[in-house]
Protein chains: 2
Amino acid sequence: MQENARFSGKAATRRTDIRRENERLILTAAEKVFAEAGYGGATMQLIADMAGLPKANLHYYFATKEDLYRRVVQEIFEIWLNAAASFDAASTPAEGIGAYIEAKMDISRRHPHGSKVWAAEVMQGAPVIQDYLETTLRDWTENRARVIQGWIDAGQMAPVNPRHLLYMLWAMTQHYADFGHQIETLNGGAPLTDRQWQEATESVKTIILRGVGLG
Amino acid sequence: MQENARFSGKAATRRTDIRRENERLILTAAEKVFAEAGYGGATMQLIADMAGLPKANLHYYFATKEDLYRRVVQEIFEIWLNAAASFDAASTPAEGIGAYIEAKMDISRRHPHGSKVWAAEVMQGAPVIQDYLETTLRDWTENRARVIQGWIDAGQMAPVNPRHLLYMLWAMTQHYADFGHQIETLNGGAPLTDRQWQEATESVKTIILRGVGLG
DNA sequence: ATTCCATTTGACCAAATGGTCAGCTTGTGG
DNA sequence: CCACAAGCTGACCATTTGGTCAAATGGAAT
């Protein structure tokens, strides 16, 4: 019972640890394989090998390939939603937009696989997360668009279409994850260094902020 | 013989027509299926059904699934390269960048499937077009980056990293194709109208041009 | 008309894949 | 230590899929 685990002196029982560890192991492997091969190209065997577990073990933790995939997509979505905090916490447009760009660039760097899985899912018509788009994401977008419109109405930034501004922010920040391989190739075959990531972030911030009259 | 076809009075012989027509039929169907299902999720049977031909016929024109896929990717790549013309023809930065945005937004609208196929290919590490990235695309990028740097040096626009500017242009314009489904959902479930596409293009142009000091 | 070659296609095959299951091992509460 | 449940896994299976092929059909040059 989970009660036992929760109340028995030493944090969690061995069993709970095993479960959590293996699920994490599988999810991490799945994220990478789905990103690199797409849903159709990914195989449970590949994911199992990458996780270092027998294939049958995957099906013990995740009933079907689709279940596993759904979990991977949900995780990146939540990470992105949380980046809204940096947007909401700000009091000025420059601060809010700037912090949001920084947060999303940081996510692109730390979770490139998840970003790709999301991109592929949406490109294919969002077969498994359509409801999220219609509820959570729609609400999220409308709320932020309203905030931006408020800034414009208050004369704090240039009049731009808030929706398209949001699309542009998503496009640019996620591009560094989704097209990371292309960027790496054009960078002479080497991944962007810390310095280059900083430069990329600054470039995006500079152009966008000046672009909305906050330069 | 093809000589016969070329020199026989009526343009091309029936044979040549058939070949061209069927190849076009297959390529169009393949572009759509690869975009909607990914390379791994696409099946020759699906493509055949969409093209209205028996599966064996596909293998008569394209030896393997990979051959067919390669052709689809090459086509969109060439379309994009040609968009460079609008960039090169311009004499001022505002004109060049503006025209390039318009050209690429137009392509996103007219070839959303191809754009998605390209995006998926790059996201998966460009397994079949890596050589293009390292040769053609690298040269293309370096040349345009040099042009932009020239404008900056001449004081015609604000100093920004030319590479990152190019990445941003690609990201934003292609976003309207690759994430078209998401945008459509956030647009109340309806595809963007002519007017809305124009507004999107204007938004991108306005923000970018002002962002590089050309507002 | 006849010959030759391009085109078409139903039937077929070997390999790969998602998923199942029965039996085994291991942890845990009593 | 025991009994039970959770966790593990090799072997297996039905289905799908890319690709093949031989036989049939159709166009065009002589």
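Residue numbers start from 1 in every chain, and the chains themselves are labelled A, B, ... in the order their sequence lines are given, proteins ahead of strands.
- Using a 4.0 Å cut-off between charged side-chain N and carboxylate O, R24(B) and E75(B) make a salt bridge.
- Checked by distance alone, K55(B) brings a side-chain donor or acceptor within 3.5 Å of a matching partner on the base of dG19(D).
- Atoms CD1 (I18(B)) and C1' (dA28(D)) sit 12 Å apart, rounded to a whole Å.
- Set against dG10(C), dG18(D), dT8(C), the side chain of A56(B) has dG10(C) as its closest nucleotide.
- Ion pairing between a basic and an acidic side chain is recognised when a charged N comes within 4.0 Å of a carboxylate O; E142(B) and R138(B) show no such pairing.
- Residue contacts shown for F62(B) are absent, as no nucleic acid heavy atom lies under 4.0 Å away.
- In this entry the distance linking CE of M44(A) with P of dT17(C) reads 13 Å, nearest Å.
- Taking only side-chain nitrogens and oxygens, Y61(A) comes nearer than 4.0 Å to OP1 or OP2 of dC8(D).
- Between D67(A) and R71(A) there is no salt bridge, since no side-chain N of the basic residue sits under 4.0 Å from a carboxylate O of the acidic one.
- Taking 4.0 Å as the cut-off between side-chain N and carboxylate O, D17(A) and R20(A) count as a salt-bridged pair.
- Considering only side-chain atoms of K65(A), the nucleotide from dG18(C), dT7(C), dG7(D) that sits closest is dG18(C).
- Following rounding to the nearest Å, I47(A) (CD1) and dG19(C) (P) show an atom-to-atom distance of 11 Å.
- Atom C1' of nucleotide dT7(C) and atom CG of L25(B) are separated by 15 Å, given to the nearest angstrom.
- Following rounding to the nearest Å, D17(B) (CG) and dG26(D) (C1') show an atom-to-atom distance of 15 Å.
- Here the nucleotide nearest the side chain of N22(B), chosen from dT8(C), dT9(C), dT9(D), is dT8(C).
- When the C1' atom of dG19(C) is taken as reference, atom CD of E66(A) falls 14 Å away, rounded to whole Å.
- What separates CG of L58(A) from P of dG7(D) is a distance of 15 Å, to the nearest Å.
- Among residues two or more places apart in sequence or in another chain, the side-chain contact (heavy atoms from CB on, under 4.5 Å) test is passed with R19(B) by E23(B), Y60(B), Y61(B).
- One atom, CG of D67(A), and another, C1' of dG19(C), lie 12 Å apart when rounded to the nearest Å.
- Using a 4.0 Å heavy-atom distance criterion, A48(B) is classed as making no nucleic acid contact.
- Contact annotation: N57(B) does not reach the phosphate of dG10(C) (side-chain N/O to OP1 or OP2, under 4.0 Å).
- Within the 4.0 Å cut-off from OP1 or OP2 of dA6(C), not a single side-chain nitrogen or oxygen of R19(B) is found.
- The phosphate of dC8(D) (OP1 or OP2) has no side-chain N or O of Y60(A) nearer than 4.0 angstrom.
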